There are 2 protein chains.
Amino acid sequence: MRGVNIYDIAKLADVSIATVSRVVNDSSKVNDKTKEKVLRVMEENHYTPNVFARGLGLNSMKTVGLVCPDVSDNYMAKAVAYLEKNLRGYGYDCILYCSGYDEEDKRQAVELILQKRIDALVLIGSNYAGGRDEETSYINEVAGQIPVFMINGYIEGENIYCTLADDYQAVYDATEELIFAGKRRILFLSNSESFSAMQKRKGYEDAHKNHGLPVLEELRLYTENSIHGTRDRLLLCRNLVFDSVIATEDGMAVGALKYARARGISVPGEISVVGYNNSELSISCEPELTTVDARGEILCKSAIDSMMSLLGGEKIRQKTMIKCHLIKRHTTDF
Amino acid sequence: MRGVNIYDIAKLADVSIATVSRVVNDSSKVNDKTKEKVLRVMEENHYTPNVFARGLGLNSMKTVGLVCPDVSDNYMAKAVAYLEKNLRGYGYDCILYCSGYDEEDKRQAVELILQKRIDALVLIGSNYAGGRDEETSYINEVAGQIPVFMINGYIEGENIYCTLADDYQAVYDATEELIFAGKRRILFLSNSESFSAMQKRKGYEDAHKNHGLPVLEELRLYTENSIHGTRDRLLLCRNLVFDSVIATEDGMAVGALKYARARGISVPGEISVVGYNNSELSISCEPELTTVDARGEILCKSAIDSMMSLLGGEKIRQKTMIKCHLIKRHTTDF
DNA sequence: AACTTTTATGTAAGCCCTTACATCACTGTA
DNA sequence: TACAGTGATGTAAGGGCTTACATAAAAGTT
């Protein structure tokens with residue numbers, strides 16, 4: 001049961017364990033002949049260094065913690081997949097924690113995952129923007145120990161690095177486009193009060209203001225990010241009149257589509273719909289959804305680049321903003 | 001930087017490290033007073049046992065490896081989420097590896113993840129059913145070291161435990177239903193030669209045979225599991241005539257829907273469509289998709305239960321089959 | 001009172017690495 | 001020839017935990 005260890009290899013290769021270790025870590029110079037011999041013996045005996053002992057010695061196990069509210073969300077799933085794949089390319093493993101959206105659950109997730117002595121923490125998805133300091137102070141505490149990378153979240157602090165989609169601009173542009181098309185009652189569908197949702201809302205509002213249009217309270221609706229949930233929610237608002245929809249998530253946009261169909265309203269004829277995230281949902285619905293490409297992969301790539309630079313000792317910027325694209329499909333054919 | 005360790009706690013609590021360790025592990029009896037004191041000191045000093053040292057000592061870190069071809073697939077994402085959440089409930093962390101579908105990549109994934117001295121391995125998604133032994137022999141090798149749990153895959157062997165959806169029955173039933181509705185040209189859309197895909201195909205074929213109907217080669221089409229890919233593939237088959245579709249994944253079923261729309265064929269009027277997995281796609285499309293609920297959560301629950309029993313020293317069954325439901329929505333309104 | 005048990009705790013050996021420092025054999029230089 | 005410098009390797013000290021075994025104190029037994 002006890003696998004081969006460094007002593008076995010050392011003995012078989014007729015060298016000291018230090019030399020074996022050096023070969024394994026490719027650290028200081030080892031004579032080519034010796035190296036070759038050691039490698040051969042390692043190979044022959046299927047030697048794999050014990051990660052625990054290694055971790056103990058190095059106080060690092062080349063592991064990063066991934067905290068994600070919900071991997072079954074297509075956008076986040078893609079992010080997790082991308083991060084995992086590429087971090088592995090750098091020799092890092094990922095420990096995953098699906099935290100749920102609750103801020104307290106997230107705190108616990110972080111706490112637990114931290115016990116694994118990870119080298120860095122990646123937080124996927126937006127944080128609450130409530131501004132309540134207690135909610136985010138633990139992140140700052142964590143950042144005291146290891147670098148924290150946020151994908152689409154934003155918290156200011158030492159050793160916290162945020163990569164965000166420019167949600168403000170994206171929604172601003174989308175809203176403007178609807179306004180140009182003559183829409184005057186644009187329903188804003190949102191499901192949270194996260195930092196990112198707030199940016200989107202601000203984009204929506206500013207676009208109105210800058211075009212001299214009023215921002216109507218009644219056109220801001222909170223609902224859950226689910227297709228049927230959103231549909232039903234809208235169905236309940238009998239007196240709500242709108243000529244277009246901007247949703248902060250594709251699921252809600254598709255919900256709006258379902259609502260329109262249920263009510264016999266034509267899309268894009270009578271109302272236009274814009275979603276967010278360019279998830280799979282946006283091409284499975286009918287008509288296919290105009291949506292914002294929130295550049296998940298680009299964000300993750302940027303975060304990984306930053307992380308590697310940082311772990312390599314370089315200094316990196318704390319906030320990186322990535323511009324989004326609006327992908328026009330058929331729910332906004334004017 | 002060097003955090004508090006067991007020696008610090010021992011000194012502060014005026015006991016030996018063995019006692020601290022006993023308290024931490026709740027192992028053999030410790031005097032209540034002493035225990036309380038130690039716990040208090042631990043609390044006060046934010047002591048967390050070093051996982052590496054712990055791993056070294058116990059040769060286990062309470063971690064399970066999750067290998068998943070593609071977390072951005074909704075079905076698997078849900079499985080990963082469920083597994084992660086519930087394993088954590090038992091104190092186990094999950095290391096994730098998104099392997100891709102290639103069998104060689106999977107082998108590498110398993111090899112790498114194994115170096116982390118995980119306590120168990122979970123393989124999500126079906127294995128190739130080619131029957132080529134080399135492809136699966138490494139799994140048997142792994143199983144020599146730690147238990148292997150397969151979700152929807154099937155390999156026979158010591159220490160390999162498989163939990164599967166009864167894909168054969170599910171497709172058999174769905175096919176039969178279409179046959180009863182008078183369909184005689186049922187297109188079978190598949191994307192792989194996995195064990196699971198083979199079961200589905202067998203269900204499709206047997207249903208035909210048992211009802212005295214021929215199994216037509218031309219009605220078995222391989223395509224990729226993507227909406228537009230499938231649509232385009234079908235669009236290319238100008239001479240293919242069919243009155244219904246059974247797809248082995250929802251994405252392909254939705255692709256068939258897109259195809260029908262592109263060709264001006266009405267669903268369910270002219271053709272019926274049945275998908276598989278009850279993913280989010282199946283409710284976002286239009287009309288909403290009749291699909292097989294492949295019981296992802298139930299499968300995972302069963303796997304976790306088995307795992308815990310096994311790690312607890314019990315004996316468990318090696319193969320568990322779970323019955324599926326057909327969820328009727330509107331692509332099969334006859 | 002002289003013992004056996006039981007309960008609580010401590011000691012120290014291991015688990016398998018990394019790495020600072022020591023050593024030794026050369027090469028090159030003065 | 002003596003010595004500094006270089007390269008290759010070894011020695012041994014951690015790193016923080018678990019746990020078998022030893023010990024000591026308390027309780028029970030005769």
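Note on naming: letters A, B, ... go to the chains in the order of the sequence lines (proteins, then strands), and numbering restarts at 1 for each one. This structure is a prediction, so every number in the text was calculated from the model and none was measured.
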Rounding to a whole Å, what distance do you find between [X]:[atom1] and [N]:[atom2]?
{"X": "A/Leu58", "N": "C/dA20", "atom1": "CG", "atom2": "C1'", "value": "14 Å"}
{"X": "A/Asp8", "N": "C/dC16", "atom1": "CG", "atom2": "P", "value": "9 Å"}
{"X": "A/Ile6", "N": "C/dC15", "atom1": "CD1", "atom2": "P", "value": "14 Å"}
{"X": "B/Glu36", "N": "C/dA8", "atom1": "CD", "atom2": "P", "value": "15 Å"}
{"X": "B/Met42", "N": "D/dC17", "atom1": "CE", "atom2": "C1'", "value": "14 Å"}
{"X": "A/Phe52", "N": "C/dC16", "atom1": "CZ", "atom2": "P", "value": "11 Å"}
{"X": "B/Asn59", "N": "D/dT19", "atom1": "CG", "atom2": "P", "value": "11 Å"}
{"X": "A/Tyr7", "N": "C/dG14", "atom1": "OH", "atom2": "P", "value": "11 Å"}

Check every strand shown and say whether B/Val15 touches a base, only sugar-phosphate, or nothing at a heavy-atom separation below 4.0 Å.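 Contact class for B/Val15: sugar-phosphate only.
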Between side-chain atoms of residues 65-74 of chain B and protein atoms elsewhere (two or more places apart, or another chain), which donor-acceptor pairs fall under 3.5 Å?
from, atom 1, to, atom 2, distance (Å)
B/Asp70, OD1, B/Ser72, N, 3.0
B/Asp70, OD1, B/Ser72, OG, 2.7
B/Asp70, OD2, B/Ser72, OG, 3.4
B/Asp73, OD1, B/Tyr75, N, 2.9
B/Asp73, OD1, B/Met76, N, 3.1
B/Asn74, OD1, B/Lys78, NZ, 3.4
B/Asn74, OD1, B/Glu280, N, 3.2
B/Asn74, ND2, A/Ser72, O, 3.2

Just compare [options] and give me whichever is closest to any side-chain atom of [X].
{"X": "A/Ser16", "options": "D/dC21, D/dA12, D/dG10", "value": "D/dG10"}
{"X": "A/Val30", "options": "D/dG10, D/dA12, D/dT9", "value": "D/dT9"}
{"X": "A/Ala18", "options": "C/dC15, D/dT11, C/dA12", "value": "D/dT11"}
{"X": "B/Asn50", "options": "C/dA20, C/dC17, D/dG16", "value": "D/dG16"}
{"X": "B/Pro49", "options": "D/dC17, D/dT19, C/dT9", "value": "D/dC17"}

Is the phosphate of [N], meaning OP1 or OP2, less than 4.0 Å from a side-chain N or O of [X]?
{"X": "A/Thr34", "N": "D/dT9", "result": "yes"}
{"X": "A/Asn5", "N": "C/dC15", "result": "no"}
{"X": "A/Ser21", "N": "C/dT18", "result": "yes"}
{"X": "B/Arg54", "N": "D/dG16", "result": "no"}
{"X": "A/Tyr47", "N": "C/dC17", "result": "yes"}

Go nucleotide by nucleotide along DNA chain C from the 5' end; which of A/Ala53 and B/Ile17 gets its closest nucleotide reached first?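 The 5'-side residue here is B/Ile17.
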Look only at the side chain of A/Ser126 and the backbone of A/Asn152, and say whether a donor-acceptor pair between them is shorter than 3.5 Å.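 Checked: pair present.
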Do the side chain of B/Ser194 and the main chain of B/Ser192 share a donor and acceptor less than 3.5 angstrom apart?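 No, because the side chain of B/Ser194 does not come within donor-acceptor range (under 3.5 Å) of the backbone of B/Ser192.
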Taking the basic N atoms (NZ, or NE/NH1/NH2) and the acidic carboxylate oxygens, is any pair closer than 4.0 Å for [X] and [Y]?
{"X": "A/Arg107", "Y": "A/Glu104", "result": "yes"}
{"X": "B/Glu44", "Y": "B/Arg40", "result": "yes"}
{"X": "B/Glu103", "Y": "B/Lys106", "result": "yes"}

Between A/Asn31 and B/Thr19, name the one whose nearest nucleotide on DNA chain D is closer to the 5' end.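 It is A/Asn31 whose nearest nucleotide is closer to the 5' end.
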Under 3.5 Å donor-acceptor pair, A/Arg117 side-chain atoms to D/dG16 base atoms: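 No, the side chain and the base share no sub-3.5 Å donor-acceptor pair.
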